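What you are looking at is a predicted structure, and each value in this text was computed from that prediction instead of being measured.
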Amino acid sequence: NVEVSGYLLKRETGYVIFSDEANGTMAYYDLPVFGSGLDTIKSGQKYILDGIFKKNTKNAINGSPFILELSSSPQLAN
């Protein structure tokens with residue numbers, strides 16, 4: 001598992017795009033995240049995500065070659 005921290009950038013059907021920046025334009029290097037608990041995260045708040053880093057086979061909107069599948073629910077960062 002890997003742990004990443006960052007912000008909700010954009011919601012899509014069934015997943016979100018997660019970024020190290022609180023706002024801005026979605027880009028190739030932003031991370032598509034799949035899993036349960038994504039409906040609880042809010043824009044502008046920093047979160048810590050724990051999950052499995054995988055090759056993107058789900059055709060995420062930003063064309064990223066990788067995705068994160070959550071192993072646990074997102075947690076607010078301190």
Could you tell me whether the side chain of Q75 and the main chain of S73 form a donor-acceptor pair under 3.5 Å? yes
Closest approach of I67 to K55 (non-hydrogen atoms, all atoms of both residues): CG1-O, 4.2 Å
Using a 4.5 Å cut-off on heavy atoms from C-beta on, say whether the side chain of L68 contacts that of V4. yes
Minimum heavy-atom separation for M26 and L9, please, with both atom names. CA-CD2, 3.7 Å
Drop me the distance from K10's NZ to S43's OG, to the nearest 0.5 angstrom. 11.5 Å
Side-chain contact test, heavy atoms from C-beta onward, threshold under 4.5 Å: evaluate it for F66 versus P32 and give yes or no. no
When you measure from the side chain of N62 to the backbone N and O of D30, does any donor-acceptor pair fall under 3.5 Å? yes
Heavy atoms of I48 and A77 approach each other most closely as CG1-CB, 4.0 Å
Heavy-atom closest contact (P74 atom, L49 atom, distance): CB-CD2, 3.4 Å
Any side-chain heavy atom of V33 within less than 4.5 Å of one from L38? yes
Below 4.5 Å, heavy atoms only, C-beta onward: do E69 and F53 meet side chain to side chain? no
For residues R11 and V16, report the shortest heavy-atom separation together with the two atoms involved. NH1-CG1, 4.0 Å
Within a strict 4.5 Å, meaning less than it, do heavy atoms of the L70 and F34 side chains meet? no
Heavy-atom closest pair (I17 atom, Y15 atom, distance to 0.1 Å) is CD1-CE1, 3.7 Å
Let me confirm one number: the CG-CG distance from L8 to N23, rounded to the nearest 0.5 Å. 11.5 Å
Can a donor-acceptor pair be found, under 3.5 Å and without considering hydrogens, that links the side chain of D20 to the backbone of G6? no
